[in-house]
Amino acid sequence: MSSDERPLADVPPSMWFALAIGLAVQMAWRGASPPVAPEAQDLPSPPNVSSLKLAALGEPEALARLNMLYLQAYDYSGTNSIPYARLDYARLVAWLDAILGLDPRSEYPLFAAARVYAENPDPARTRVALEFVYRQFFADPDRRWSSLAHAALIAKHRLKDLVLARRYAAAIDRYTRSPDVPLWARQMEVFILEDMNELEAARILLGGMLASGTIKDPAEAQFLARRLKELEERSGRR
């Protein structure tokens with residue numbers, strides 16, 4: 001020990017007491033302070049899918065779920081009163097793309113896009129989330145139709161964009177093949193055409209559904225026949 005250093009035993013008790021008080025005050029202040037919400041630009045770009053698969057060590061589904069938890073925790077803390085409102089949605093969609101690349105059968109990324117991230121008060125960000133759902137729908141229409149149906153409802157009711165809502169609804173009708181897709185989802189385009197006052201187009205579409213023979217349930221066919229008759233009456237056709 002050098003001559004200018006003092007042993008700890010020589011430190012006066014009052015100094016130890018002051019140090020303890022200072023540490024206690026600092027800990028109390030940090031505990032009472034709200035955590036700082038991460039800024040939108042803090043969301044990093046995601047790793048590429050190849051790197052993620054390598055890091056998954058044979059458990060891509062588990063890593064996909066962990067990445068979704070990480071992503072949804074982002075910007076959802078502290079003093080941020082509108083979560084996700086400031087996130088960079090281009091990076092957000094890149095993350096969702098990468099997670100789907102890890103686990104293509106997972107419905108979680110599309111569910112989050114349609115029901116969480118699309119609820120952004122910024123219409124431009126909402127459209128980015130909805131378009132992500134629309135693009136990804138075509139990779140597996142019979143399993144991903146429900147997220148696109150919700151996207152159509154958001155386009156119709158929140159964005160007031162009937163043209164966009166019709167595009168989403170039309171994709172469900174044209175590209176799904178599974179009998180598990182409910183009639184209301186297949187018929188969404190007809191409803192939207194009615195809202196657009198495109199009664200003739202709605203009548204033709206509904207008539208085509210009946211004529212195609214894809215409606216096997218007699219009750220459903222009867223319901224559609226009644227709707228077709230109503231449309232014919234409204235459009236002046238007998």
Side-chain angles (χ1 to χ4, degrees), residues 30-31 34-122 124-155 158 167-169 171-172 174-182 185-186:
R30 286 190 173 274
V36 178
E39 296 293 334
Q41 63 267 26
D42 289 343
L43 179 63
S45 298
N48 61 53
V49 177
S50 298
S51 299
L52 286 173
K53 287 181 177 179
L54 186 63
L57 300 176
E59 297 290 342
E61 296 86 357
L63 185 58
R65 288 193 290 272
L66 287 173
N67 275 287
M68 277 303 305
L69 291 174
Y70 163 78
L71 189 59
Q72 286 198 263
Y74 228 93
D75 203 36
Y76 200 89
S77 60
T79 58
N80 187 13
S81 60
I82 308 177
Y84 316 122
R86 298 188 301 265
L87 284 179
D88 181 334
Y89 266 44
R91 288 188 176 185
L92 174 67
V93 164
W95 272 98
L96 294 172
D97 265 322
I99 293 168
L100 270 180
L102 262 182
D103 185 8
R105 293 186 61 80
S106 174
E107 297 180 28
Y108 194 10
L110 293 169
F111 176 90
R115 296 176 181 265
V116 178
Y117 299 119
E119 295 293 335
N120 199 302
D122 178 6
R125 285 180 167 88
T126 296
R127 289 176 184 274
V128 171
L130 296 184
E131 283 297 295
F132 165 75
V133 174
Y134 178 69
R135 290 195 307 272
Q136 291 294 338
F137 161 80
F138 295 99
D140 195 351
D142 287 336
R143 296 186 68 253
R144 297 179 176 180
W145 66 266
S146 61
S147 292
L148 188 59
H150 193 77
L153 293 175
I154 291 178
R158 292 194 65 240
R167 179 156 67 97
Y168 296 161
I172 295 172
R174 286 157 179 69
Y175 293 97
T176 56
R177 296 291 180 268
S178 172
D180 296 330
V181 180
R186 296 184 185 278

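In this structure, Met68 and Ala112 approach most closely via the heavy-atom pair CE-CB, 3.8 Å. Minimum heavy-atom separation, Leu63 to Ala55: CD2-C, 4.1 Å. The nearest pair of heavy atoms linking Ile154 to Glu119 is CD1-OE2, 3.8 Å. Across all their heavy atoms, Ala152 and Ala169 have their closest contact at CB-N, 4.3 Å. Here the shortest heavy-atom pairing between Phe132 and Ala113 reads CD2-CB, 3.7 Å. Of all non-hydrogen atoms in Trp95 and Pro44, the two that sit nearest each other are NE1-O, 2.7 Å.
Listed by chain and number, the residues in a side-chain contact (heavy atoms from CB on, under 4.5 Å) with Leu66 amount to none (sequence neighbours excluded). Not counting sequence neighbours, the partners of Tyr168 by the ring pair (Phe, Tyr, Trp, His ring centres under 6.0 Å) test are Tyr134. Legend: residues meeting salt bridge (charged side-chain N to carboxylate O under 4.0 Å, His left out) with Arg115, ordered by chain and number and at least two apart, are absent. With sequence neighbours left out, the side-chain hydrogen bond (donor to acceptor under 3.5 Å, both in side chains) criterion links Ser146 to no other residue. For the side-chain hydrogen bond (donor to acceptor under 3.5 Å, both in side chains) test, no residue two or more places apart in sequence or in another chain qualifies with Arg158. Under the side-chain contact (heavy atoms from CB on, under 4.5 Å) criterion, Arg127 pairs with Leu159, Asp161, Leu164, sequence neighbours left out. The side-chain hydrogen bond (donor to acceptor under 3.5 Å, both in side chains) check on Ser51 picks up Asn48, with sequence neighbours excluded. Considering only residues two or more places apart in sequence or on other chains, Phe137 meets the ring pair (Phe, Tyr, Trp, His ring centres under 6.0 Å) condition with none of them. The side-chain contact (heavy atoms from CB on, under 4.5 Å) search around Ala129 returns Tyr89, Tyr117, Ala118, not counting sequence neighbours.
Interatomic distance, OG1 of Thr176 versus CH2 of Trp145, reported as 9.0 Å (0.5 Å rounding).
Proximity of Leu71 to Leu43: side-chain heavy atoms (C-beta onward) are separated by under 4.5 Å at one or more points. When side chains are defined from C-beta on, Pro141 does not count as touching Arg177, because their heavy atoms never get closer than 4.5 Å.
Phe138 and Tyr175 have perpendicular rings, their planes meeting at more than 60° on a 0 to 90° scale where under 30° would count as parallel.
Sequence neighbours left out, the pairs with a member in residues 131-142 that pass salt bridge (Lys or Arg N to Asp or Glu O under 4.0 Å) are Glu131-Arg167, Asp140-Arg143. Sorted by first then second residue, the side-chain hydrogen bond (donor to acceptor under 3.5 Å, both in side chains) pairs that include residues 56-68, not counting sequence neighbours, number zero.
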Please tabulate, for side-chain N and O atoms in residues 96-108, each donor-acceptor pair with protein atoms closer than 3.5 Å (sequence neighbours left out).
unit_1, atom_1, unit_2, atom_2, d
Asp97, OD1, Gln136, NE2, 2.5
Ser106, OG, Tyr108, N, 3.2
Tyr108, OH, Gln72, OE1, 2.3

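With Ser147 contributing its side chain and Val133 its backbone, the two residues share no donor-acceptor pair below 3.5 Å.
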